Structure formats: C-alpha cells, structure tokens
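Single-structure report; data block below.
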Amino acid sequence: MYIAVGEKQGVPSEKLTGTIQNDILKEYIAQKSYIFPPEPSMRLIVDTIEYCTKYVPKWNTISISGYHIREAGSTAVQELAFTLADGFAYVEAGMERGLDVDSFAPRLSFFFNSHNDFFEEIAKYRAARRIWAKRMKNKYKAKSPKSLRLRFHTQTAGVSLTAQEPENNIVRVTLQALAAVLGGTQSLHTNSMDEALALPTEKAVRIALRTQQIIAHESGVPNTIDPLAGSYFVEKLTDEMEEKAEEYFRKIDELGGVIPAIRKNFFQREIAQSAYRYQKEVEAKQRIIVGVNKYKTEEQETPEVLYIPDKVEEDQIERLNNVKKNRDNKKAEENLADLKKAAQGNENLMPYILNCVREYVSVGEIIGKLKEVFGTYREDAIF
Amino acid sequence: MITEDNKERIDSLISKMRAGNQRATGRLLTLVENNLDAAAYIIKKIYEFTGNAYIIGITGAPGSGKSSLINTMIEKFVDAGKRVGIVAVDPTSPFSGGALLGDRIRMKRNFSINDVFIRSMANRGQLGGLARATKDLVKVLDAAQNDIILIETVGVGQSEVEIFKSAHTTVVIVIPGLGDEIQAIKAGIMEITDIFVVNKMDFAGADQKVAELESMLDLNEKYEVSNPDHSLIVTRTQGWRPPIIKTNAITGKNIDKFISLIEKHKKYLIENNQMENKLKIKYRSEVLEILKFRMTQNIEALIYKNPEINQYIDKIIAKEKDPYSISEEILLKFIHMG
Amino acid sequence: MDKKIRIIVAKPGLDGHDRGAKVISHGLRDAGFEVIYTGLHQTPQDIVRSVIQEDPDALLLSILSGAHNRLFPKITKLLKENDVDDILILGGGIIPETDVAFLKENGIEEIFGPGTTIDEISDYIKNHIKRRL
C-alpha cells in the first residue's frame, strides 16, 4: 500500500526507505498473529524480499524478531538462538529462491528485546552480531561486508513493567534502554510507564521519549562504539551466550530445521517451560519484582489511563465502506481473481497484490482470497 | 442418594436433552461422570433411548496425528449429514491429580454447534471407574441423538482395552519410525483393534511399519487359542483380520478409503451376527464393572468406617485369629450378596 | 471418583498474548484442577459453546488487548441466554481498575490483574465455586 501511495504522489519505489516487520516464523513461536500455515507464509516473505531487492532496494524487507519471543517467556539465550535461527531460515529460503545472498542479506534487519538483566542483555546483542557475521561469511559465503552486519532495533521489555507503582517503570525502562545502547542498537523504543495498564497517555509517552533523548544527548554513552569491549565480565558472558546459542542451533538442525521444529512444537515448549519457571520463581520470591513481591506500598493510586472510544472503530468501518463503494469494483474483483490464480501457482505474488491495492482492495479482502488457497493454521496447546 | 428435588431436576434435564438442548446434555454428562447414584438414576431413565449411535474407538500415541485424522473423519461424517459426539480422554497428572485436557483445542473451529458435540475427560489415574464413566458418557451422547460417537484416548493400556469394549469399531493409529509401538502392540492392541491406520504415510518407513503389523497379525492368528472362555475377554471381531491402511491425515490421502473400511467393518459385524457377540461382551463387562465398583465402595465403607470392624482387627493383632479367618467371618456376617 | 474442579481458560478476540493464560492453565493443573484451554482467537460464540458442552465449574477469560468491555459482557449475556447461570466467571489480563465495576455489573465475578499469583487464583476458585451436583 505504501508503494501504491508513493506512486500516486510521484515517488518511485526505488526511493522509498523504511522497514516492515514481516517475520512470520516468530508468530508461530510466540506472537501468534499467524493466519496461513508456515509454507505459504514463507513463500510470501521470500516474494517480498525478492520483489524489494529489485524494485525497493532501500527498504528493510524484514525485522527478524526476538522481542515477542522474549515477551512470551523465553530466556535471553532462547531469544538470541531462536531469533538467529529464524534469520538463517530466511537466508536459506532466499537462497533457495535463487537470490544471490549479497543481494538481499544487507536489507535484513533484526528486532530484540531489552530486559532486566543489564549485562546479560548487552552480552546478548554482542553475541548476536558475532554469530551472524561469522555464519554469513563462513556458511552462506556472503562476500559483501554489508551482509555481515546485524542491524537491529530494540524495544524495552513490556512484560517487565508493573501495574503496581507505575512510576517505577520509568527507572526500569531507563536501565533497559541504556543496556540496548551499550549493546549497540541502531534504533530504540522505550516503553511508557503505564504499559501494564493500557495504551499510553500522552504524558507517559513523553517521559519515555525524554528517556531516550537524555541518554542520547546528555549521557555521552553513544559516543563510543562497543564501550564495554574488553571488560572481562562482558566478554565472558558474550562467549557463553554464543556457546549456548550454538547448542540450540544444533538441536534445531537435529529436528530438521526451523519449520519442522515449529511443527514439533519445540520452540513453543521451551518458551512455555521458561515462562512457567519464571512465574514460579516470582511466586517463590527467588525473583524479586520491586513493588510487587517485595517493598510493596499499601496505598495504590489509580493513575490516569488512556481510553479509546468505540467511535474509533465505527469511524474506521465507515471509512472502509466508503472506499469500497467508491472504487471500481469490477477491477477490484478482477485483480482479486488474478491474485488467487497466481497464488495457486508459483509466481511472485507482490505484483498481483500491488495491482489489488492500486484498485483499493482491502487487507481483509486480500487475506480472505489467499485463505481460499492457503488455508489457515491452528496451533496445538503447548504448556 | 438422590433427593426427590434432584430427581425432578434430572428428569427435566433429560427431557431437555432429548429435545436437543446441549446445555442439558452437558449437565447430565457432568452428573454421570462424577456421581454414581446420579449415573444409575440417569442411565436407568435413558437406556431405552440408547443403541442408535455407531461408536468408534480411536487411539494412538502422542504425535501420531490422531487429532488431524479425527478432524477429517468428523468433516466427512458431518458432510454426510451425521451428528457426531466425541468423548476425548486425556491423562491426569500423577503428581497433582490435575489434568490439561487438550483435545478440544485441536478440533477444527468451523463445525456447527449442532453437528459436533465435544466432551473432554481426564482419566483420573485410570483407577477403577474410568471405563464406567466413559461408557456412561457415551450412553448420554447416544441418547442425545448423535449418529456417530468417537471415543478418543491416548495409548493402549488396560483402560483402553476396557473402554473400547463399548465401541463397535476400534481404530489404532501408528506412525512410521516409532519402534516402541510394537512393544505396545504386544501389550494390548491385538486384543482390541479392528482397523490399523499408519498415518503420516509419506514419512520414511511407512511400508516397513505396515509389514511389521502384518507379521504381528500373522503371529497372532497362528497362536490364536480357540477357547470358549477366551471369547468373553477378547473384544476383537471374530473372523476379521484387521486391515492396515496408510493415510496422510493432513493432505487427506486415503481418508475416504479409511472411512469406507469402517463402513465395511460395520457391515461385517451386522452380516456375520457379530453385533450380538460384541454386545454380549460389552454388557457382561459393564455389569461386572458396576458390580465391582458398587461392592468396592460398600466394602471399603464397611472396613474403614464401620466401628464394629475394630474388634475384628483387634483379634488379629492379639493373634486370636489370622486375617483369612477374620475375613471369612466378616464376609458371613456383614456382606450380603444381592 | 472425587469430582475435580473443572475449568475453562479462554482467550476471546484477536489477542495473541497467551503467556499468562498458559502459565495459569499449567499452574492450575498443578493445583489439581482439570483444565480445558480453548486456544486463541475465540469468538463469544466459540466460548459459550465450549462452556455448554464441557460444563465447567468456572470460566476464566484472559484478555490483554483492551477489548474486555466489549467482549466480556457479550460472553456473559450469551451464557445467560443459554441457561448457564451457575458457573464462576473470572477475568484477567490488562484490565484497568476503573473498568472493574462495569465488568462486575456485567457478570464477571472478579478480575485478576498483573501481579496475581497462581495460588491466589486457585484459592479464589476453590472458595467460590458453586456446588452444582
């Protein structure tokens, strides 16, 4: 849709910059916003990568994510290993499609979590960069230095923030943001203090923004690349995380790769076990959450909370209906039919999807059509 | 014991269930599972309405693709206009006594509520009573006018053998590669299986698995004991060699053939007068179970709770009498048969 | 056989955040309950159907997407229409304090927010289950 808007405004797709998340493997593993089964989903992703490599070369085609994996309850090592395993799966899928690795690898990007354990998180980012560079060079024979770079965005851990005494979350987010910066993140999202209550208020967002700005402009921390390099502790942690990640890579290989491992519920089981263990540690007070299981206040203030009125939904539905009324419905139908036919074959679907959105076909309609071909995915319950 | 009040409530639930009210069916299932007195009252009342459903037992190890297979079976049955009831049994944790009942989540979502009724059950340690409860749940679903009832379990233990006496056709699912199943086969599957399904047929080793099963069946036939008492115990259909069919439950390969095998078995049962034989085995063991359960309850109540027993135990401790003699005395004095 | 406490844990709506629902399900299983987890993306009709067929003692609704004021009353209304009026209905997830009164007026007995322990929930259920046999 962005490409189509660009066209309408006279901006060629070659000039567009930006990032889409588009990491389906982590959906089966953690976020659960999947629709189709794994195989057709991977096809759509490689279609996107292939298309953008040719026509939208400045676009980051994917944001390979560990954030959601961590939020679902994984440990830091699991976040590291599962995210990179997904990344390598995408590299292999692209190469299977016949793409030269250096043509698309530079535009793969990553998205990590920043959780409470300060030094563990820093070590995690460093290990990620090292593992990626080594494998891209040695296993996938990437020649361009740009293919060896692991560029990543970080978001502070939503799941670590508390509903009790929300102002404490400002402190948590600051530490987590600092860890991300010291770990070398390219971009950063700081959560708002009312994360555990609702969508953030304007005030809460402002404080989160200021947190970043203060680190960026007042602390001096961003002025040096990898300032903790050489620290005996951080280097040791980095080595350990790399080793443990490699153990996971071996296990995943034994299971036949990422998609077979997903179908065998390997990741989901690991995450569910870690999540359960975490909760038991909290309840046993082996893991302290200040203000929740230790240092509690009797009085809890009720903070201001953001409300989204129902009208927002009604307005959007009305807008959508108007679009559908005013478009050329014949062309919309035709393009959808073409999309379905192409989906049943092997062609790259991006041009067909583009044709649809140019005629104002909606996301829902496109997905509905693709569902007819690809079916839907239903997960097992893994605890 | 059931109060008059409760009887009225139960009667009302029964008429609602017969009229198609699923909430009433759900409530009756709970009563039947958990309260033996209620179960007796209910089964007495609904028994005349049972006997119409065709009952299929289906089991397989975790990972055998049982849920996918069951989903496709249900789809076929619903497409053919049948109403399907499912009793899905999952293991109870031996540590906590709790259970995660995970079969409902695996069922496809687009079945209409009136076409498919799913009821999850925990095996509660497989102690006496599981088979009784399962069979009674099946009777309720039968009386609720389901055309086909699936009893779904995991594994093939003593309980499964018992439960599947209630089934007309018993299906066991295996997959290529898992060698341990053959051990399980030695344990109990041979007694109960009417159809073997080798699912995930596109995996390596499928044909080998079929061959293994065929040779086990050969072995079994060779040593089959023709023994009048044997027929009381073995539920396997006489004169029917269980066919082995390869399937892929996800792509649907051979599913139609599989369904027609079930129909073939049903036809065989009817044409060869095996139905009555099956029913004899089924009800003989049900009556035995109910009697055992009732008696165990009564005897336990006597020995653990009746203060008169204390003196008998004291005599054993004082070495006046031995446990066997005391038991004989108690039997004569306290326990009335009938 | 002792009657175990039988519960359904359900996630209504499009919310895919199932960490809490799964941890609770696991924890309540360990506390001796029989737990049916419905999985994700349940419509109110899906959930009501599960309740009707499984006849649990309690229904636990988990939602973190903010749609609780819309979805919970829909569910409780549908349950009432289907003669389900004697089970314990609880809610959990991200539900602001200020919404709790409204939800309680609409059939939810209690809300368990972030920081709740598994024990708190299992104790509450054990103490508030209605005797239905």
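In this text the structure is predicted, and so the values were computed from the model without any measurement. Chain letters run A, B, ... following the sequence lines, proteins first, then strands; residues in each count from 1.
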Return yes when atom [atom1] of [X] has more than 12 non-hydrogen atoms of other residues, nucleotides or ligands closer than 6.0 Å, and no otherwise.
{"X": "B:E289", "atom1": "CD", "value": "yes"}
{"X": "B:L302", "atom1": "CG", "value": "yes"}
{"X": "B:K82", "atom1": "NZ", "value": "no"}
{"X": "C:L78", "atom1": "CG", "value": "yes"}
{"X": "B:K292", "atom1": "NZ", "value": "no"}

Roughly how far, to the nearest 0.5 Å, is CD1 of B:I105 from CD of C:Q42?
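So the gap between those two atoms works out to 7.5 Å.
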Please round to the nearest 0.5 Å and tell me the distance separating atom CD of B:Q22 and atom CD of C:Q53.
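Rounded to the nearest 0.5 Å, the CD-CD separation comes to 5.0 Å.
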Between C:E34 and B:R124, is the side-chain contact (heavy atoms from CB on, under 4.5 Å) condition met? List the steps.
CA-CA 10 Å; C:E34 291 177 348; B:R124 294 188 186 163; 2.8 Å; yes
B:F95 versus chain C, the contacting section by heavy-atom distance below 4.5 Å
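No part of B:F95 comes within 4.5 Å of chain C.
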Contact part of B:D90 toward chain C, heavy-atom cut-off under 4.5 Å: side chain, backbone, both or neither?
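Contact with chain C is absent: no heavy atom of B:D90 under 4.5 Å.
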Picking from B:T30, B:L28, B:L29, what satisfies side-chain contact (heavy atoms from CB on, under 4.5 Å) with C:D55?
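Result: among B:T30, B:L28, B:L29, B:T30 is the only option passing the side-chain contact (heavy atoms from CB on, under 4.5 Å) with C:D55.
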Among C:L79, C:V48, C:I52, which residue satisfies the side-chain contact (heavy atoms from CB on, under 4.5 Å) criterion with B:R23?
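Output: one option passes, namely C:I52.
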Taking only residues two or more places apart in sequence, or in another chain, which ones meet C:Y37 in a ring-ring contact (aromatic ring centres under 6.0 Å, His included)?
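For C:Y37 the ring-ring contact (aromatic ring centres under 6.0 Å, His included) partners, ignoring immediate neighbours, are A:F383.
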Stepwise side-chain contact (heavy atoms from CB on, under 4.5 Å) test for B:I118 and C:E54
CA-CA 7 Å; B:I118 301 167; C:E54 302 283 7; 4.3 Å; yes
Heavy-atom distance under 4.5 Å to chain B: side chain of C:L40, backbone, both or neither?
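Contact with chain B is through the backbone of C:L40 alone.
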Taking atom types as modelled, is there a side-chain donor on B:R104 or C:T38 under 3.5 Å from an acceptor on the other?
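No, because no side-chain N or O of B:R104 sits under 3.5 Å from a partner of the opposite role on C:T38.
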Intermediate values then yes/no, side-chain contact (heavy atoms from CB on, under 4.5 Å), B:F111 and C:R49:
CA-CA 11 Å; B:F111 297 131; C:R49 166 192 188 153; 3.8 Å; yes
When only heavy atoms count and the cut-off is under 4.5 Å, which of residues 81-93 of chain C reach chain B?
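If one takes a 4.5 Å heavy-atom cut-off, the residues of residues 81-93 of chain C near chain B are C:N82, C:D83, C:V84, C:D86.
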Give me the contact list for residues 102-118 of chain C versus chain B, heavy atoms only, anything under 4.5 Å, ordered by residue number.
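From residues 102-118 of chain C, none sit under 4.5 Å of chain B.
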For C:K4 and B:G97, work out which heavy atoms get closest and say how close.
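Looking at all heavy atoms of both residues, the closest pair is NZ-O, 3.1 Å.
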For B:S120 against C:R6, the heavy-atom pair lying closest together
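So the two residues come closest at O-NH2, 2.8 Å.
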Taking B:G102, B:A99, B:G26 one by one, which has the highest count of heavy-atom pairs under 4.5 Å against chain C?
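Option with the top pair count is B:A99.
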Taking every non-hydrogen pair under 4.5 Å, which of C:S50, C:A31, C:G39 racks up the most with chain B?
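Max contact count across the listed options: C:S50.
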Short side-chain to backbone donor-acceptor contact, B:S96 and C:R29, under 3.5 Å
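Side chain of B:S96 to backbone of C:R29, a donor-acceptor pair under 3.5 Å: yes, one is there.
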Sorted by first residue and then second, give each salt bridge (Lys or Arg N to Asp or Glu O under 4.0 Å) pair with at least one member in residues 57-73 of chain C; sequence neighbours left out.
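Every pair satisfying salt bridge (Lys or Arg N to Asp or Glu O under 4.0 Å) with a residue in residues 57-73 of chain C: A:E313-C:R70, C:K3-C:D57, C:D57-C:R132.
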